[in-house]
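Take a look at the structure below.
All heavy atoms count here, side chains included; hydrogens, waters and symmetry mates do not. Sequence lines set the chain letters: A, B, ... in the order given, protein chains first and strands last, and positions in each chain run from 1. Predicted model only: the values in this text are computed from it and were never measured.
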Protein chains: 2
Amino acid sequence: MARQGSRSRPPTMADVARLAQVSPQTVSRVLNDYAFIRPDTRDRVLQAIDVLDYRPNQAARTLATSRSRTIGVVATDYLSYGPAAALWGVERAAGEAGYGVSIVSLRESNHRAFTEAMQRLVGQSVEGIVMIAPQDQSTHEVFDAFDNVPVVTLSSFETGEHKPIMLDSAEGSRIATRHLVELGHTVIAHLSGPPRFTVSEERVRGWREVLAETGLAAPEPVVGDWTAESGYLVGRELAADRHVTAVYAANDRMAQGLLLALHEAGRRVPQDVSVVGFDDVPEAAYMIPPLTTVRQDFAALGRRCIEAVLALIGNEPRLEPDPLVPTLVVRESSGPAPR
Amino acid sequence: MARQGSRSRPPTMADVARLAQVSPQTVSRVLNDYAFIRPDTRDRVLQAIDVLDYRPNQAARTLATSRSRTIGVVATDYLSYGPAAALWGVERAAGEAGYGVSIVSLRESNHRAFTEAMQRLVGQSVEGIVMIAPQDQSTHEVFDAFDNVPVVTLSSFETGEHKPIMLDSAEGSRIATRHLVELGHTVIAHLSGPPRFTVSEERVRGWREVLAETGLAAPEPVVGDWTAESGYLVGRELAADRHVTAVYAANDRMAQGLLLALHEAGRRVPQDVSVVGFDDVPEAAYMIPPLTTVRQDFAALGRRCIEAVLALIGNEPRLEPDPLVPTLVVRESSGPAPR
DNA sequence: GCGCAGTTTGAGAGCGCTAACAATGGCCGC
DNA sequence: GCGGCCATTGTTAGCGCTCTCAAACTGCGC
């Protein structure tokens, strides 16, 4: 574990080989866990590696093997909890599998930006790409254009080969809505995410299904854009409608904005209005009142993404695990319907 | 912009050269903006590149030049807003400078984990490293062991060559505390971050300074761990103390927990107690009540980190810009002291 | 008409590693 | 005591790019 001189050329495999009195190839074999190496040779090599503080040059390795041991991630927004947590899970799972993670974020999510991001990653010869970004039809065309690198998407509709690894958003919605139904609510509004995004639509779908099953009327969802601000703004209208006694928000941040709007309108939660969110962000338990919400296991999601890309990289049959089912976390923002 | 056949070998520079009827070296020159190329030769090459959808192999480039055009980022936690925003800024600034970003996160922040993370990045031959992680003495020893790659840290104390790029936390504290002083508060508590972290200590320092200047007593800070939960737990004690009419929390999440604790204790904000946070997370404006807080420009911070590493990479003299001064955002959680 | 500076292109070597093949030596059975 | 097999190591040739050096060509002044 020697310290290197300041900015000196790092040692190469040849240096190690010389010191250990073997050929470079033998060093390479030791590094790659080749089976037939005499134990004492291996030891000599390992010791030389240690003495020189040698670390293999990834670029050379990549060039020689055309395997970069790197996964690319394209994200639109990891300032929000969901994407960030997914990124976290992906990065962690990748690390455990011996892969590094290279990340590119998009400012806008249009065709050109996607293409650019993908090109960038492909140029870094990533072995696979995980998309943590909302998608629509046009982005899928982009994936198709990059058909020599496996792409795994994280929530989107299914087209062609690109099946998404996703949480069962619709099921989460059903759970949330059912909870409100069971509490006796009959007018259950939905504060949805922006249309044309699969996650939004899935959540709308689940909510509609339960209302239909139960024979309740399904009003048009009120549309937000995932931000607390939008939750607050459309929440004010919701707050003004005295018929509404329960709102299921498509994520916790909008729910938070909604809580403020209800508070300002003098409507008590949960006595007058029940609120249920989605995500279980760390702050959910500390909102006023603590938010009932649907918890998603983002870490597991990330793990699955990595499993899926690695499978694709290894040309293994694509595994189709059951979607991850979210769970309901009941806190204080939901209660029996008033009468 | 031809589509490639499924999983075929991507085109190389030689392919482009052949098609354009020039030598590979000329293609390389076109790619690297070499000045003396006849315009029509350049056009032929560019066209060939376009036709083949050629993209240079980064690994080969890195190997030949030993420049990877990649910056490594070590982060402990980018699920919190601050680190995530900083990462965002770094990644964005890096992208603009033509650099990619490779990220490694740490589960624990001990010596070994740091070393491992650094090794990993060095192995990917990153040209520089940005640390988005709390540091203490031991981590600095790690940096010193990697003295052939420039490291920029983002908040930590200064030791040796490793001066941190940071926001002026102490000044932020002063601004927040002064605001409360000006509102007439005389008992101003501080809900601090965990000790031994520079950011925490800086913030404690700024708060102490203003109290000292003003001749107010400085109680011991109440210690949290940045989470809303800790804010809530220690907040309950704070709420029980009727003398306290103002609390300055070292971040917004703890402030959120505190707000809940105060609410549950029946203490009104801001009529009975004023609360000021730090960070201006996107949700701050939608807490109950909307939180007065200190805004940090994380994007600028990220930009500066990249500027700093790039300077170090280019062996330019280290620039020492003024620390970024945060600004106060007054909302509804702070008001005149009751009497 | 010749030399020279400057422009434009190409040839050869090498970055650090691994894949493929070849070579060595030891041990076995007969 | 010899062929054959296996364990163990070495040799050679790239991976795709850029560096350095050198060649060819242009136009200019004298």
Side-chain angles (χ1 to χ4, degrees), chain A residues 4 8-46 48-49 52-70 98 100 122-127 148, chain B residues 4 8-46 48-49 52-70 98 100 122-127 148:
Chain A
Q4 302 168 22
S8 61
R9 188 181 118 295
T12 74
M13 195 171 252
D15 297 327
V16 175
R18 208 169 307 122
L19 183 60
Q21 316 232 47
V22 295
S23 74
Q25 179 61 306
T26 300
V27 178
S28 169
R29 290 198 179 100
V30 170
L31 251 29
N32 292 291
D33 287 323
Y34 180 71
F36 304 116
I37 304 250
R38 211 186 301 145
D40 64 303
T41 315
R42 177 192 308 278
D43 289 344
R44 273 215 318 288
V45 171
L46 288 176
I49 288 176
L52 296 177
D53 194 24
Y54 165 78
R55 249 158 293 125
N57 180 321
Q58 260 302 131
R61 243 179 176 168
T62 299
L63 185 56
T65 58
S66 56
R67 303 195 49 199
S68 63
R69 301 221 137 257
T70 298
V122 169
Q124 288 177 44
S125 33
V126 297
E127 291 182 41
N148 48 0
Chain B
Q4 303 167 19
S8 62
R9 187 181 121 293
T12 75
M13 195 170 253
D15 297 327
V16 176
R18 208 169 307 121
L19 183 59
Q21 316 231 49
V22 294
S23 73
Q25 181 54 29
T26 299
V27 178
S28 170
R29 290 201 178 97
V30 170
L31 250 30
N32 292 291
D33 287 323
Y34 180 70
F36 303 116
I37 304 253
R38 211 186 301 144
D40 65 302
T41 315
R42 177 192 307 278
D43 289 345
R44 274 213 318 288
V45 171
L46 288 177
I49 287 176
L52 296 177
D53 193 23
Y54 165 77
R55 249 160 292 126
N57 180 320
Q58 260 302 132
R61 246 181 173 167
T62 299
L63 184 56
T65 59
S66 56
R67 305 195 49 197
S68 62
R69 302 223 138 254
T70 299
V122 170
Q124 288 176 44
S125 32
V126 296
E127 291 181 43
N148 48 359

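- With sequence neighbours excluded, the residues that form a side chain to side chain donor-acceptor pair (under 3.5 Å) with B:Ser23 are B:Thr26.
- A distance of 12.5 Å separates CE in A:Met13 from CG in A:Leu52, rounded to the nearest 0.5 Å.
- Heavy atoms only, all atoms of each residue included: A:Tyr34 and A:Ile37 are closest at O-CG1, 3.7 Å.
- In terms of heavy-atom proximity, B:Tyr54 sits nearest to B:Thr12 at CE1-C, 3.5 Å.
- Look at CZ on B:Arg18: it is 12 Å from P on D:dC17, rounded to the nearest Å.
- Of all non-hydrogen atoms in B:Leu63 and A:Ala60, the two that sit nearest each other are CD1-CB, 3.7 Å.
- When the side chain to side chain contact (heavy atoms under 4.5 Å, CB included) test is applied to A:Arg69, the partners found at least two apart in sequence or on another chain are A:Arg67, A:Tyr99, A:Glu127.
- With sequence neighbours left out, A:Thr70 forms a side chain to side chain contact (heavy atoms under 4.5 Å, CB included) with A:Ser68, A:Ser102, A:Val126.
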#### Entry: Verdict with supporting geometry, A:Val22 and A:Val27, side chain to side chain contact (heavy atoms under 4.5 Å, CB included)
CA-CA 7 Å; A:Val22 295; A:Val27 178; 3.9 Å; yes

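- Atom CZ in A:Arg55 sits roughly 12 Å away from atom P in C:dC17 (whole-Å rounding).
- Rounded to an integer number of Å, the gap from CD1 of A:Ile49 to P of C:dC17 is 10 Å.
- Scored by the side chain to side chain contact (heavy atoms under 4.5 Å, CB included) test, B:Arg61 finds B:Leu31, B:Asn32, B:Pro56, B:Gln58 as partners (sequence neighbours excluded).
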Produce the list of close N/O pairs, under 3.5 Å, pairing protein atoms with atoms of nucleotides 10-12 of chain C; give distances to one decimal.
unit_1, atom_1, unit_2, atom_2, d
C:dG10, OP2, B:Ser23, N, 2.8
C:dG10, OP2, B:Ser23, OG, 3.1
C:dG10, OP2, B:Thr26, OG1, 2.7
C:dG10, N7, B:Arg29, NH1, 3.2
C:dG10, O6, B:Arg29, NH2, 2.5

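- Under the side chain to side chain contact (heavy atoms under 4.5 Å, CB included) criterion, B:Asp43 pairs with no residue at all, not counting sequence neighbours.
- A straight line from OH of B:Tyr54 to C1' of D:dG16 spans 7 Å, rounded to a whole angstrom.
- The C1' atoms of five pairs define one axis at each end of the helix from C:dG1-D:dC30 to C:dC30-D:dG1, and these two axes lie 50° apart (to 10°).
- Within residues 60-68 of chain B, the residues approached by DNA chain C to less than 4.0 Å at the level of any non-hydrogen atom are B:Leu63, B:Ala64, in residue-number order.
- Contact record, B:Thr62 with A:Ala59: CG2-CB, 3.5 Å, taken as the closest heavy-atom pair.
- Rounded to whole Å, the distance from CE on A:Met13 to C1' on C:dC15 is 14 Å.
- Applying the salt bridge (Lys or Arg N to Asp or Glu O under 4.0 Å) test to every pair with at least one member in residues 17-39 of chain B, sequence neighbours left out, gives these pairs: B:Asp15-B:Arg18.
- Applying a 4.0 Å cut-off to non-hydrogen atoms, the residues of residues 31-45 of chain B that approach DNA chain D are B:Asn32, listed by residue number.
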